[in-house]
Amino acid sequence: MRIGELARRTGVSERSLRYYGEQGLLAPTRTPAGYRVYAESDVDVVRHVRMLLAAGLNTAFIKEVLPCMVDTGDGLAPGCPELLPHLRAERDRMTIAIDGLATARTLLDDVIAATPPEGSDYETWVARRTG
DNA sequence: GTTCTAACA
DNA sequence: TGTTAGAA
């Protein structure tokens with residue numbers, strides 16, 4: 001099938017489909033005219049890619065693990081045991097990122113909280129705090 | 001009408 | 001990622 005059909009059947013834009021191809025996630029063949037030709041199985045590949053993307057993994061990582069993933073019917077499961085350490089490492093990176101944002105948010109909360117009392121004159125308030 | 005590449009307010 | 005221009 002060509003890109004238009006795959007896009008319709010997966011709900012993924014043609015733009016994204018071409019991008020996945022550039023990233024090595026999809027390997028469509030080409031017609032003499034240069035049109036991309038996808039296999040029936042690519043419908044599932046695209047679904048898997050979307051799931052992993054939604055799970056926060058980047059295309060480079062997905063490219064590596066995709067071949068080892070098995071479709072369980074309701075989701076994806078690691079088909080190779082040596083995948084777990086990498087998946088857990090990825091999870092740890094997310095935790096670090098989340099913690100970083102949490103502290104950033106707390107700091108921003110402090111700035112927001114240091115605001116003049118309701119109804120007070122802003123100019124005067126600023127002058128008193130500025131010295 | 002569909003797809004391709006390349007480029008960007 | 002969306003969108004669009006120009007060509008096939």
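Letters A, B, ... are given to chains in the order of the sequence lines, protein chains preceding strands, and every chain is numbered from 1. Nothing here was measured: the structure is a model prediction, and the numbers come from that model.
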Spacing of [X] atom [atom1] relative to [N] atom [atom2], expressed in whole Å:
X	N	atom1	atom2	answer
A/Glu14	B/dT5	CD	P	12 Å
A/Ile3	B/dG1	CD1	P	19 Å
A/Glu22	B/dA7	CD	P	12 Å
A/Arg18	B/dA7	CZ	P	15 Å
A/Leu17	B/dT2	CG	P	16 Å
A/Tyr19	B/dA6	OH	P	16 Å

Between A/Arg50 and A/Tyr20, is there a side-chain donor-acceptor contact under 3.5 Å, judged purely by atom types and distance?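 Yes, side-chain donor-acceptor contact under 3.5 Å.
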
- Query: If you measure only the distance, is there a donor-acceptor pair under 3.5 Å linking the side chains of A/Thr103 and A/Thr106?
  - Reply: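 No, no side-chain donor-acceptor pair sits under 3.5 Å.
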
Next on the checklist: To the closest 0.5 Å, what do you measure between CD (A/Glu64) and NE2 (A/His86)?
Outcome noted: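 Answer rounded to 0.5 Å: 9.5 Å.
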
- Between A/Arg9 and A/Glu40, is the closest basic N to carboxylate O distance under 4.0 Å?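 The answer is yes: the pair qualifies as a salt bridge.
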
Between A/Glu90 and A/Arg93 (salt bridge meaning N to carboxylate O under 4.0 Å), is one present in this structure?
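Looking at A/Arg93 together with A/Glu90, the answer is yes, because their closest N to O distance falls below 4.0 Å.
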
Open item on the list: Can you tell me if A/Arg36 touches the phosphate of B/dC4, counting only side-chain N or O atoms and a distance under 4.0 Å to OP1 or OP2?
Closed with: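 For A/Arg36, the contact criterion (side-chain N or O under 4.0 Å from OP1 or OP2 of B/dC4) is met.
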
Exercise. Considering just the side-chain nitrogens and oxygens of A/Arg15, establish if one lies under 4.0 Å of OP1 or OP2 belonging to B/dT5.
Key: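 Answer is no, no contact under 4.0 Å.
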
Partner nucleotide, any strand, of B/dA9 [Watson-Crick/G-U, under 3.5 Å]: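 None - no nucleotide pairs with B/dA9, as no candidate has both distances under 3.5 Å.
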
Next item on the list: Indicate, with a heavy-atom threshold strictly under 4.0 Å, whether A/Arg2 touches base, sugar-phosphate, or nothing.
Entry: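 Answer is sugar-phosphate: A/Arg2 comes under 4.0 Å of backbone atoms only.
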
Problem set entry | A/Ser120 side chain to A/Pro116 backbone, donor-acceptor under 3.5 Å |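 Pair absent, no side-chain N/O of A/Ser120 close to backbone of A/Pro116.
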
Query - Nucleotide range of DNA chain C lying under 4.0 Å from chain A heavy atoms - result: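 First-to-last contact on DNA chain C, by the 4.0 Å heavy-atom rule, is C/dT1 to C/dA8.
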
